[in-house]
Visitor: 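To start, I am sharing the structure in question, which I have written as structure tokens.
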Amino acid sequence: MAYKYFPHTEADIQAMLARIGVTSLDELFSDVPECIRFRKEYDLPEAKSELEIRELFARLAGSNKQLTCFAGAGVYDHYTPAVIPSIVERSEFLTSYTPYQAEISQGTLHYIFEFQSMMAELTGMAISNASMYDGTTATAEAVLMANAAAKKANKVLVSSTIDPRTLNVILTYAHFHGVEIELINAVDGATDLNDMQARLDAGGVAGVVMQQPNRYGVVEDFTGVADACHAKKAMFVINSVAADLALLRTPGEWGADIAVGDVQSLGVPMSFGGPYAGYMCCTEKLIRKLPGRIVGRTKDTEGRRCFVLTLQAREQHIRREKATSNICSNQSLMALWVTIYMSLMGKQGVKDAAQLSYDGAHYLQEQLLATGRFTATFSRPFFNEFCVDFNGDVDALQKHLIDNGVLGGVKVDANTIMFAVTERRSKEEIDRLVELIKQF
């Protein structure tokens, strides 16, 4: 064989090609335009020793610029207790997935059970599953879940104040499942509840999806939303930043049927975009509709406490075309990370971190407005993230901040910047950011 590490023989390849009705690999990829196909040799370096490889990656890492982060938009620079990586990297934990012979892995099932318990309490919901891939896919799964539960409706309303990346994933899932998505208008950075009611009154709505805090950092008032949804037999879905729920009113208190979001804010490093994990919680009546896995606690034949996968139909794993979702595994390594974080921090520690984030963001906004260079974009409450309009060149300002070691928010549009503050940002760092802006 030409490639000794490739397991397929030429006969294997021909058999597979014949099964799908093509005669060659070239025919298999014939729909790929020739102009974009790579026909040259790969520019790969010669083999290197371990020492040379370590030196190479050390040089690459050294080119990274460490910035003081005031950006958020779904990913936040939160504190990670030093002990977490040491525990997570233990050999019995270092895997992304729930073992397929799950019941022999009692330690894994135990921490997933604790994760579920903590997320149910944090969201104020009755039931949690064993985590999802991330917050965006969890929200898309909630849309499919609401649609599947509806008998005569095939439309889901999504607030236009939801994160655009989450919306794009929802649209992708919905397209391939035949679900119609309608956007609810926004007023002053929050969902227009009158527009939502009008769309509910038009009929055919299976669910309504909103975000808290929303894409602009605004804390929305969902008073009456659950009642309005339930009066039209639609489900109410809330996507939330997990850490903020330590102080904000929970999805359960708002009357939500499904609570989803990302757990990155619970001590998971930003890590250039992942890996993270999503959470999904729901009311008890929806437990058999949850995608993914659920771990339950029981007793073995000798009366000892043990943990098992529970309430999962065979369709989830075998008859996939009949399944509520084809997500059967989960980011359990990151669920472990979050479980350790919440255990170490405790209820009060998680609340304290959220309070510091809130206080820091409001202090920063006050200082920015005091410069005379900014105006508040919206006249609504916010948590640890907010939008301001800048009376100058946003791109030039952000370059100036980066040149001075600060990641200065996220550009929302031509004149608007969204700043985020977490418990890691000190008053000195905030004051330095403001001083750099004054110098610009």
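For the single chain, residues carry numbers from 1 onward in sequence order. The structure presented is a predicted model; accordingly, all values stated were derived computationally and were not measured.
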Visitor: Measuring from Ile287:CD1 to Glu284:CD, what's the distance to the nearest 0.5 Å?
Guide: 6.5 Å
Visitor: Between atom CE of Met270 and atom OG1 of Thr80, what is the distance when rounded to the nearest 0.5 Å?
Guide: 9.5 Å
Visitor: If I take atom SG from residue Cys281 and atom CG from residue Leu245, how far apart are they, to the nearest 0.5 angstrom?
Guide: 9.5 Å
Visitor: Take atom NZ in Lys233; do more than 12 heavy atoms of anything else shown fall under 6.0 Å from it?
Guide: no
Visitor: For Phe222 and Phe236, what are the C-alpha separation, side-chain angles and deciding distance, and is it a ring pair (Phe, Tyr, Trp, His ring centres under 6.0 Å)?
Guide: CA-CA 10 Å; Phe222 294 150; Phe236 183 28; 5.7 Å; yes
Visitor: Mind checking the CG-CD spacing from Leu157 to Glu180? Nearest 0.5 Å is all I need.
Guide: 9.0 Å
Visitor: How are the rings of Phe113 and Phe307 set relative to one another: parallel (under 30°), tilted (30 to 60°) or perpendicular (over 60°)?
Guide: tilted
Visitor: Is it true that Phe382 and His362 have ring centroids separated by less than 6.0 Å?
Guide: yes
Visitor: Is Asp431 salt-bridged to Lys427, going by a charged N under 4.0 Å from an acidic O?
Guide: yes
Visitor: May I ask you to check whether over 12 heavy atoms, not counting those of Lys65, lie within 6.0 Å of atom NZ?
Guide: yes
Visitor: I'd like to know whether Thr139 forms a side chain to side chain donor-acceptor pair (under 3.5 Å) with Asn239, so could you lay out the CA-CA distance, the side-chain angles of the two residues, the decisive distance to 0.1 Å, and finally the verdict.
Guide: CA-CA 7 Å; Thr139 311; Asn239 174 303; 2.8 Å; yes
Visitor: Are any of the side-chain heavy atoms of Val156 and Ile170 separated by less than 4.5 Å?
Guide: no
Visitor: Using side-chain heavy atoms (C-beta onward) and a distance below 4.5 Å, is Phe115 in contact with Val338?
Guide: yes
Visitor: Under 4.0 Å between a Lys/Arg side-chain N and an Asp/Glu carboxylate O for Asp77 and Arg425?
Guide: yes
Visitor: If you look only at pairs with a residue in residues 204-222, which of them pass as a side chain to side chain donor-acceptor pair (under 3.5 Å), with sequence neighbours excluded?
Guide: Thr161-Glu220, Thr191-Glu220, Asn214-Glu220, Asp221-Thr223
Visitor: Does atom CD (Glu50) have a neighbourhood of more than 12 heavy atoms from anything else shown, all under 6.0 Å?
Guide: no
Visitor: Does the Ser131 side chain pair with the main chain of Ala277, one donor and one acceptor, at a distance under 3.5 Å?
Guide: no
Visitor: For Arg432, is there an ion pair with Glu428 - N to carboxylate O distance below 4.0 angstrom?
Guide: no
Visitor: Rounded to the nearest 0.5 Å, how far does NZ of Lys232 lie from CG of Asp201?
Guide: 4.5 Å
Visitor: Do Met235 and Val208 come within less than 4.5 Å of each other through their side chains, counting heavy atoms only?
Guide: no
Visitor: Name the orientation class of the two ring planes belonging to Phe93 and Tyr111 (parallel below 30°, tilted from 30 to 60°, perpendicular beyond 60°).
Guide: perpendicular
Visitor: Answer with yes or no after comparing the ring centroid distance for Phe390 and Phe374 against a 6.0 Å cut-off, counting only values under it.
Guide: yes
